[in-house]
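Presented below is the structure to which this report refers.
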There are 2 protein chains.
Amino acid sequence: MLDLGLPDPVRAPGLPEEVRIHEVGPRDGLQNEKSLVPVEVKAEFIARLAAAGLRTIEATSFVHPKWVPQLADAEELVPRLAGLPERHPGLRLPVLVPNERGLDRALAHHAADIAVFASATETFARRNLNRSADEAMAMFRPVVGRATEAGVAVRGYLSMCFGDPWEGPVPVDQVVRYGVRLLELGCAELSLGDTIGVATPGQVTALLAGFARAGVPVDRLAVHFHDTYGQALSNTLAALREGVTTVDASAGGLGGCPYAKSATGNLATEDLVWMLHGLGIRTGVDLRSLVATSGWMAGRLGRPSPSRTVQALLGSAGG
Amino acid sequence: MLDLGLPDPVRAPGLPEEVRIHEVGPRDGLQNEKSLVPVEVKAEFIARLAAAGLRTIEATSFVHPKWVPQLADAEELVPRLAGLPERHPGLRLPVLVPNERGLDRALAHHAADIAVFASATETFARRNLNRSADEAMAMFRPVVGRATEAGVAVRGYLSMCFGDPWEGPVPVDQVVRYGVRLLELGCAELSLGDTIGVATPGQVTALLAGFARAGVPVDRLAVHFHDTYGQALSNTLAALREGVTTVDASAGGLGGCPYAKSATGNLATEDLVWMLHGLGIRTGVDLRSLVATSGWMAGRLGRPSPSRTVQALLGSAGG
């Protein structure tokens, strides 16, 4: 990439040699887009992401179509992805599962990886899951239990890990308590979400220190930052320094149009890859191929990508 | 700011307690905008920035109007700012000076602070300054000498400190050599610019280590990052860890429209302030007042602000 004037990668001491990117664009991204994307476009999107080197791609959600019409085609989408893991060894295509009914659907489609979505705050649990945080944990117990019995790996999302728009600051101990419960239920991995994008690096370090004090190995933790206030990449850097090696990101920054009322965009995978490769950290991702994919998807959505890297490398609006 | 769900500030070990923001929006920002802004709007912009708590605001450039028509009104603007330092004790309003002719104009207007603009690469010197890098240094010698004799503080900008679109990676030693020469000429401060926004945190750390090896005290260094690939804030974090306490930023991210061909935007001051305040680092800036100012300016420019924080806090396009 000499034509970009790119300096040689420089390893920073204490950072990992490799990072696994958990790509959430097709699920978390498209779920938060206004447009309904045809199922064949979704399938091609996921195939292109895999071809660009991503090896963990959250594909869709087996949530009730009434709640998330954008992902109402999960049943049609999953069979279209059947050949991908053979073409790309090591490829994982987790699906989100809100409850036992969703788990039944995921198991019927032979999902090898699922994810559940919990909240670190009471208010968000009630608003998003329609039950208390404790009741949500109780609901997840049979989901995680049955999944692990069936040999399915479960990721637990924990949202509102730093701040909550109704409750304000969220205490580290409270986040650690709910996170540990998800791990104790049997989740293999815990993704710590800054759902409203308010965190800054010191808070990230403090939360990860809290999990370390509770005896949680850092390789069971992932981070999930939103770029609402432009902080996602600095927070990721802080997490890498604490030993985190799994980072959630959304191709092209899908899920948060910068000119929508609530700019709750996910960290763009391209901006993340730019930083990681500059730091000499392996991701397996081909950046140009990924940027081309996000440009193509922006065209399907009819709006530019909010990713700075996509904008810069496509030389325009990313469409 | 409880209504934002903002977590309590958390100091990160090894970071400074206070950062001086060198606001470049009125000069570097407006210089790179397509629109010509009326002089009375510029004066109000600077007055609002000062009222928001910024204490170093680069006001304009005494460059030949032919080269930068956006700043052709420097002679009219500077007298309009005359009362500001009295209203805001400690306020500094540096002006850019390209050569001795520019210095004459700045001195005629009683400038107390000026800046000169050099390049760490040969190609950019020839393209931007129309002479070799060495010839540029020779040109600055009488500028810096006469300014310091007159009691005027000089900041030296050094551009292309990491990568150059024509030369590729820029060696640390080369950047340090030119930077040290600027300091030896008499510059009080050296601002290290990632003009094309390609750097990542390891490269920032390596460059600052190079200056430390050359015996340059870190308090004479500032950093100037561009958000072309979304890396500006992570790079700033890396610089803070090395002891840098002066950071350049542009209110509202002025100077780089995200949907222009070359998205060469400056780091947005608001995104920087969000991180610094979250880290418990003092800036003296009132974020809401600054965001209101950038929203007002976006309206004058007729386009949204590219700052994520401005977009989020104004709840829309920032216009």
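In what follows, chains are A, B, ... by sequence order, proteins preceding strands, each numbered from 1.
No part of Pro13(B) comes within reach of chain A, as not one of its non-hydrogen atoms sits under 4.5 angstrom from that chain. Within the 4.5 angstrom heavy-atom criterion, atoms from both the backbone and the side chain of Leu233(B) approach chain A. Looking at Leu237(A), the atoms closer than 4.5 Å to chain B (heavy atoms on both sides) all sit in the side chain, from C-beta outward.
Heavy-atom pairs under 4.5 Å with chain A peak, among Ala12(B), Gly163(B), Pro201(B), at Pro201(B). Of all the listed residues (Ala199(B), Pro7(B), Gly280(B)), the one sharing the greatest number of non-hydrogen pairs under 4.5 Å with chain A is Pro7(B). Counting heavy-atom pairs closer than 4.5 Å to chain B, the top residue among Arg11(A), Arg241(A), Met160(A), Glu270(A) is Arg241(A).
When the salt bridge (Lys or Arg N to Asp or Glu O under 4.0 Å) test is applied to Asp248(B), the partners found at least two apart in sequence or on another chain are Arg155(B).
Shown here for Leu290(B) and Ala52(B), the closest heavy-atom pair between the two residues is N-CB, 3.9 Å.
Within the structure, every pair that satisfies the side-chain hydrogen bond (donor to acceptor under 3.5 Å, both in side chains) test and touches residues 201-214 of chain A, not counting sequence neighbours, is listed here: Thr200(A)-Gln203(A).
Under a 4.0 Å N-O distance rule, the pair Asp227(B)/Arg308(A) qualifies as a salt bridge.
Leu272(B) is not listed as a side-chain neighbour of Thr283(B), based on a closest heavy-atom distance of 4.5 Å or more.
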